[in-house]
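The structure under discussion appears below in the form of structure tokens.
Along the sequence shown, residues carry numbers from 1.
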Amino acid sequence: MKEKGKLIVFAMLLFPAIALSQVAIDSVNYKLKKSDYDGALYWAEKVSSPQLKQLFLYQITYYQTGLKNNFDIVAPFSRLSLKDSTLYHYLLGDYFKINKNKLKSYTNYYQSYQHAIKTKKSQLKTASLNRLTEHLIFNKRDDTLDIQEYIYELKKNRVDHTDDFWYYYRAIQTKFLVKDFKLKNLMMASNEVPSFLVNEMNNLFSKLELVAKNNTYHLALYYQIFSAYQADWLQDYGKANTNLLKAKLFYKQVSSHQAREKSKGVDFNRAINYFKTKNFEKAIPLFKQNLKRKKEDLYVKNNYDWLYQCYKSIRDLENALKYYEKMDSIDNKLNRGSRDCLLY
């Protein structure tokens with residue numbers, strides 16, 4: 001009887017702890033979904049699973065500061081329930097996404113999605129779908145049919161306004177891919193672009209703006225993608241830059257690494273729009289500023305190309321030659337790297 005009594009007392013102590021940890025996990029997920037990283041950090045400290053807590057803290061630290069506190073990942077599959085394994089794979093997908101391992105991030109998001117279907121965890125199912133859709137949009141741009149299938153699933157599995165936002169946002173991104181695919185394959189002439197899907201796009205943007213209003217970060221994203229539509233689709237570069245400045249204003253109100261990086265991207269978009277309207281004097285300092293943002297060779301090479309074109313257009317041949325030589329140097333390096341790969 002004494003042993004049974006001890007078990008009852010142990011269970012009474014254990015279950016509140018388990019319940020608190022589950023509340024903490026749900027709260028972290030909710031705060032991350034809203035981009036509330038201070039709130040997410042508060043609840044992450046209360047998560048009892050060391051593996052989940054470690055991944056939560058890694059993600060929050062990166063989103064707040066941009067710092068990557070690398071650690072050895074421990075595979076805890078024998079210790080986690082299917083429900084916790086669903087979350088573990090989702091967080092692991094985020095970990096590999098942050099560290100630019102596309103294959104592992106996609107694999108873990110897909111496993112999380114499959115587990116979420118089995119456990120009927122709607123919040124994680126929608127979150128995984130959003131990440132999978134994002135991966136395909138940026139890495140499998142021509143697979144528009146596959147992407148549209150995920151978009152349809154996102155539409156079906158929405159739970160709240162945040163899910164609505166990401167559904168409309170991804171749907172708009174997908175329309176850009178459809179437009180680019182048609183242009184690339186000569187299924188549409190460039191002068192047909194402004195009228196292509198115009199009613200559908202207007203409807204999507206109206207709905208996106210509506211669900212973005214209660215989240216500053218989402219408002220910034222809305223104005224940035226709307227400016228891309230105005231520039232790339234409608235070729236109204238003046239209005240595009242007006243909305244980019246609105247996006248920058250909202251990004252400045254968000255204290256996160258994500259917002260700071262997005263804000264820098266806004267200035268690069270503005271530079272391109274100034275270039276398109278032949279306002280080279282305003283474009284040049286923004287292109288130079290962008291050199292500090294992206295250090296990968298291909299990005300730097302393209303940035304040098306923009307600067308070369310700007311200086312050539314204003315007949316500053318000395319600076320034009322300088323950036324052409326910088327661009328050519330990286331081009332030779334990239335080509336040399338490709339040839340070296342062929343030797344193995």
Side-chain angles (χ1 to χ4, degrees), residues 18-19 21-35 40 43-44 47-56 58-60 63 73-99 101-174 177 204 207 211 218:
I18 293 173
S21 184
Q22 189 56 53
V23 168
I25 287 171
D26 291 342
S27 298
V28 179
N29 282 327
Y30 178 77
K31 295 295 184 181
L32 285 174
K33 189 175 183 179
K34 300 289 185 182
S35 304
W43 285 105
V47 173
S48 61
S49 165
Q51 293 90 359
L52 296 179
K53 182 175 182 177
Q54 187 180 46
L55 287 165
F56 271 135
Y58 179 87
Q59 183 181 141
I60 293 164
Y63 287 151
I73 296 170
V74 180
F77 302 113
S78 60
R79 303 176 203 169
L80 294 182
S81 65
L82 183 61
K83 181 174 69 174
D84 284 349
S85 183
T86 305
L87 175 58
Y88 175 77
H89 279 296
Y90 177 79
L91 292 174
L92 207 53
D94 279 347
Y95 171 84
F96 286 120
K97 178 189 172 195
I98 288 168
N99 287 283
N101 189 324
K102 296 176 184 178
L103 178 59
K104 286 188 177 181
S105 66
Y106 178 83
T107 301
N108 278 282
Y109 288 141
Y110 188 77
Q111 285 181 284
S112 176
Y113 174 53
Q114 293 300 315
H115 288 178
I117 292 172
K118 293 177 185 176
T119 58
K120 298 181 180 179
K121 292 285 289 182
S122 57
Q123 188 182 53
L124 280 173
K125 184 180 178 183
T126 309
S128 299
L129 272 169
N130 184 36
R131 290 286 200 258
L132 288 168
T133 308
E134 180 186 31
H135 175 90
L136 290 174
I137 285 170
F138 286 101
N139 299 290
K140 302 266 187 180
R141 298 177 65 86
D142 288 340
D143 292 348
T144 52
L145 291 177
D146 284 347
I147 295 170
Q148 285 174 345
E149 285 183 20
Y150 278 116
I151 291 290
Y152 177 69
E153 290 298 317
L154 263 181
K155 183 178 182 180
K156 285 197 309 181
N157 288 279
R158 289 175 291 168
V159 176
D160 54 26
H161 280 329
T162 303
D163 294 335
D164 288 337
F165 175 85
W166 286 115
Y167 161 66
Y168 294 127
Y169 190 83
R170 301 297 179 212
I172 288 168
Q173 287 180 311
T174 305
L177 299 187
L204 284 170
K207 290 179 176 178
V211 295
H218 289 175

Walk me through it: do His135 and Tyr150 pass the test side chain to side chain contact (heavy atoms under 4.5 Å, CB included)?
CA-CA 11 Å; His135 175 90; Tyr150 278 116; over 6 Å; no

May I ask you to test the [X]-[Y] pair for a side-chain heavy-atom distance under 4.5 Å?
X	Y	answer
Gln123	Lys33	yes
Trp166	Leu154	no
Gln54	Tyr95	no
Gln173	Phe138	yes
Asp94	Arg131	yes
Asn139	Tyr106	no

Does Asn29 form a side chain to side chain contact (heavy atoms under 4.5 Å, CB included) with Phe56? I'd like the steps, not just the answer.
CA-CA 9 Å; Asn29 282 327; Phe56 271 135; 3.6 Å; yes

Pair Asp164, Lys207 - check salt bridge (Lys or Arg N to Asp or Glu O under 4.0 Å), show working.
CA-CA 9 Å; Asp164 288 337; Lys207 290 179 176 178; over 6 Å; no

Please report the interatomic distance [atom1]([X]) to [atom2]([Y]), rounded to the nearest 0.5 Å.
X	Y	atom1	atom2	value
Lys125	Asn157	NZ	CG	4.0 Å
Gln59	Ile98	CD	CD1	5.5 Å
Asp26	Leu124	CG	CG	9.0 Å
Gln51	Asp84	CD	CG	9.5 Å
Leu32	Lys34	CG	NZ	12.5 Å
Glu134	Arg170	CD	CZ	4.0 Å

Chi angles and distances behind the side chain to side chain contact (heavy atoms under 4.5 Å, CB included) call for Val23, Trp43
CA-CA 9 Å; Val23 168; Trp43 285 105; 4.0 Å; yes

Ala40 and Lys31 have their tightest heavy-atom pair at N-CB, 3.5 Å

Looking only at heavy atoms, which two atoms of Ala171 and Leu204 are closest? And how far apart?
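Heavy-atom minimum between the residues: CB-CD2, 4.1 Å.
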
Side-chain donor or acceptor of [X] paired with backbone N/O of [Y] under 3.5 Å:
X	Y	value
Thr133	Ile151	no
Asn99	Asn101	no
Tyr109	Leu132	no
Asn108	Lys104	yes
Thr86	Ser112	no

Aromatic ring pairing His115/His89, orientation class (parallel under 30°, perpendicular over 60°, tilted between):
perpendicular

Between Tyr110 and Gln114, does a side chain to side chain donor-acceptor pair (under 3.5 Å) hold up when you go through it step by step?
CA-CA 6 Å; Tyr110 188 77; Gln114 293 300 315; 3.2 Å; yes

